[in-house]
Amino acid sequence: MAAIFPARIFSLAAAAALLIAVSCPGCDAALSTKYYDKTCPGLQPAVRSAMAQAVAADPRTGASVLRLFFHDCFVNGCDGSVLLDDAPGLTAEKAAGPNLGSLRGFEAVDAVKARVEAACNATVSCADVLALASRDAVSLLGGPTWTVKLGRKDARTASQAAANANLPGPGASLASQLASFAAKGLSARDMTALSGAHTVGRARCQTFRGRVNGGDANVNATFAAQLQQGCPAANGVGDSSLAPLDAETPDVFDNGYFRGLAQQRGLLHSDQELFSGGSQDALVRKYAGNGGMFASDFARAMVKMGSLEPAAGTPVEVRINCRKPN
C-alpha cells in the first residue's frame, strides 16, 4: 500500500489529547444530516473536491472506494474498520479472503481524510469520510446522489474472522446472498439494487475463471469465449488479468450491469445468480429497462446500509489516521 496519511501534521501529544474513545450503545441514533454543520461546515465540499481529483486521475478509484464502504458496513457495521492496517494485537480485515489482494482505494481515502483534516482537525471520523466518499464516487461516475447521515465513529480494532464470515464471495448462490443481506436487515430488493454497484469496477481472473471456462451453463458463449482469451482454464495463467464487471459501460454508473445479466453476461457467478430463473429475475428486468428506478432504489439502499452500526459496547473514536487507532 502507498504512504499512510502524513503523521507529521500532528504531534503525538495533540493526537493523544484529541482521542475520542467511547462505547457505542446506539451509534445510529446519533446520525444526522446536520452533525458537522457547526464543527466542520466545509466537510462535504472538501470530500467532493478530493474525490473528484481521485476519480479524474483513475476512474477505477470510484468503484474501489464504493467497494470499501460495502466491505466496511457488512463487517460489524460502518465503523471504518476495513481501513485499518495490521498492527501488534490487530489483524486487519484487508487480509480476509474476500479482501485479500483485491481491495484498493485506500490511498484515495487517505487523500480525502487529509483534505478533511486540513479543514477541521480531529473532528470527522474515517467512517463518515468513507460514507461521503462512496456517495461522491457514485455521483462522479454518473450515478445518483443522496443525503448522507453523519456521526459515525471509528472502531479501534478489526475482525478478519467477521470479514470472512460476513462478506459474500464471487461464487455465492442467490440463496446465500439473500441470507447475508437479510442478516443485515436488508431486503431482497435492497440486495439486488446494491449488487448494481457492479456496474462499475473490475474483477480478477481468479474470481470468474471457473464460470467462463465451462463451470456455469448460464453464460453467453460469445462473452465466455472473449474472456477465455485473457483468463484461460489453467490455474496460474492470467490470474491477475482484469475484466470489467459491466462490459457495456465499465466506468459509468448506470443500469448496464442489469442489461448484461439479462443477456447472461454477468461476470461473476454471484452476479448471474440474480438472473437465473430465481426470485430476482423480474426485478433485474425492471432495472435493465428503467435506469431511474435502479438509481432511486440504489440510493435508498445505500442510506439503509450506511445505518448499520457497531455492536453495543464497541470501543470507538475519531481516528486521525484511518490506517491505525489513535
request  = Inspect the contact between R204 and D239 and indicate whether a charged nitrogen and a carboxylate oxygen are less than 4.0 angstrom apart.
outcome  = no
remark   = Applied to residues 223-244, the ring pair (Phe, Tyr, Trp, His ring centres under 6.0 Å) test, sequence neighbours excluded, yields none
ask   = Distance from D254 atom CG to T249 atom OG1, nearest 0.5 Å?
value = 3.0 Å
ask   = Taking only residues at least two apart or on different chains, which pairs with a member in residues 31-60 satisfy ring pair (Phe, Tyr, Trp, His ring centres under 6.0 Å)?
value = none
remark   = Heavy-atom nearest pair, R211 first then Q264, reads NH2-O, 3.7 Å
key: Q263 (side chain) donor-acceptor with N220 (main chain) under 3.5 angstrom   = no
Side-chain donor or acceptor of S307 paired with backbone N/O of V303 under 3.5 Å = yes
request  = Flag the pair L274 / S195 as yes when at least one side-chain heavy-atom distance between them is below 4.5 Å, and no otherwise.
outcome  = yes
Criterion side chain to side chain contact (heavy atoms under 4.5 Å, CB included) against L43, the qualifying member of T123, L132, D37 = L132
task = Taking only Lys NZ, Arg NE, NH1 and NH2, and the carboxylate oxygens of Asp or Glu, determine whether D79 and R152 approach each other closer than 4.0 Å.
result = no
inquiry  = Assigning hydrophobic clusters by single linkage (Ile, Leu, Val, Met, Phe, Trp, Tyr; side-chain heavy-atom cutoff under 4.5 Å), is F253 placed with M302?
reply    = yes
key: Check ion pair D110-R323 (N to O, under 4.0 angstrom)   = yes
cation_pi(K286, F258) dist<6.0 Å, angle<=45 = no
task = Please answer whether the main-chain N or O of V212 pairs with a side-chain N or O of Q228 as donor and acceptor at a distance below 3.5 Å.
result = yes
request  = Just grab all the ring pair (Phe, Tyr, Trp, His ring centres under 6.0 Å) pairs involving residues 66-101, residues at least two apart or on different chains.
outcome  = F74-F181
ask   = Linking I/L/V/M/F/W/Y whenever their side-chain heavy atoms sit closer than 4.5 Å, directly or via other members, would V129 and L84 fall into one cluster?
value = no
inquiry  = So that I can tick it off, tell me whether K304 and D190 are bridged by a salt bridge, with the cut-off set at under 4.0 angstrom between side-chain N and carboxylate O.
reply    = yes
query = Does a side-chain N-to-carboxylate-O contact under 4.0 Å join R259 and D246?
reply = no
query = Do you know the tightest heavy-atom contact between L245 and Y257?
reply = O-CD1, 4.3 Å
ask   = Hey, is K324 close enough to D154 for a salt bridge, meaning N to O under 4.0 Å?
value = no
ask   = From L150 CG over to T33 OG1, what is the distance, rounded to the nearest 0.5 angstrom?
value = 8.0 Å
task = Using a strict 4.0 Å threshold on nitrogen-to-oxygen distance, state whether R104 and D58 make a salt bridge.
result = yes
ask   = Do the side chains of L268 and L174 join up, straight or via other hydrophobic residues, at under 4.5 Å, putting them in one cluster?
value = no
